[in-house]
Amino acid sequence: MLFLCSMAKSEKKKKRFINTPTYPGGKAAFNKFIKANLKYPEKAIEHAIEGFVFVEFWVDSNGDVVKSVVTKGLGYGCDEEALRIISLLKYNPAKNRGLLVTSKIKTRIFFKPPNVVKLTGDSTVNYHNVSTKKPEKATEEKKQTNTYTYSIRF
């Protein structure tokens with residue numbers, strides 16, 4: 001009898017009281033989708049904005065995102081891009097006690113500027129290298145100096 005009671009308790013632990021919608025493929029697929037579809041906004045590139053946008057969204061009984069809200073944003077177009085990405089998501093719907101339900105989910109999306117260098121107009125980069133040699137003999141008083149200058153025009 002004791003064995004049957006402990007078995008019933010372990011079966012209860014496996015059941016979840018409230019089921020939530022799941023993204024097909026799990027967290028790895030979710031992150032891959034975000035990375036593949038995220039377009040870093042031009043305004044954010046100009047201001048080198050980096051950080052997280054926190055989003056709260058609701059998934060209906062069909063697995064579609066029906067409403068999304070930015071709870072903590074970055075601005076410069078990042079908030080709008082996060083909402084756009086979230087609206088593209090499609091979830092596996094959740095059933096609770098046999099009923100399809102609408103669920104609220106929270107997530108965050110990381111924005112990091114791409115490593116793109118944009119040059120505008122006629123840009124010139126000058127490198128100036130000065131090397132100094134120590135005198136070989138103690139009797140020499142002058143130091144020998146070599147100077148190299150490079151100019152690169154774009």
Closest non-hydrogen atom pair, [X] against [Y]:
X     : Y     : result
Pro93 : Ser61 : CB-O, 3.2 Å
Ala94 : Pro21 : CB-N, 3.5 Å
Tyr23 : Tyr91 : N-CD2, 3.5 Å
Pro24 : Ala29 : O-CB, 3.4 Å

*asked:* Rounded at 0.5 Å granularity, tell me how far OG1 in Thr107 sits from CD1 in Ile85.
replied: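 It is 11.5 Å, given to the nearest 0.5 Å.
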
*Nearest 0.5 Å please: distance from the CG atom of Asp64 over to the CG atom of Leu88.*
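Rounded to the nearest 0.5 Å, the CG-CG separation comes to 11.5 Å.
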
Answer whether the closest heavy-atom distance between the side chains of [X] and [Y] falls below 4.5 Å.
X      : Y      : value
Phe110 : Ile34  : no
Val55  : Lys106 : no
Thr20  : Val59  : no

_Lys67, NZ atom: more than 12 neighbouring heavy atoms under 6.0 Å_ =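 Atom NZ in Lys67 is not crowded, with 12 or fewer foreign heavy atoms closer than 6.0 Å.
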
Same cluster for [X] and [Y] if Ile/Leu/Val/Met/Phe/Trp/Tyr side chains link at under 4.5 Å?
X     : Y      : answer
Leu89 : Ile105 : yes
Phe52 : Val70  : no
Ile86 : Phe54  : no
Phe30 : Trp58  : no

Under 3.5 Å donor-acceptor pairs involving side-chain atoms of residues 76-83, not counting sequence neighbours:
from	atom 1	to	atom 2	distance (Å)
Asp79	OD1	Leu74	N	2.8
Asp79	OD1	Gly75	N	3.3
Asp79	OD2	Gly75	N	3.4
Glu81	OE1	Arg84	NE	3.0
Glu81	OE2	Lys39	N	3.0
Glu81	OE2	Arg84	NE	3.3
Glu81	OE2	Arg84	NH2	2.7

*side-chain hydrogen bond (donor to acceptor under 3.5 Å, both in side chains) partners for Lys32, two or more places apart*: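 With sequence neighbours excluded, Lys32 shows a side-chain hydrogen bond (donor to acceptor under 3.5 Å, both in side chains) to no residue whatsoever.
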
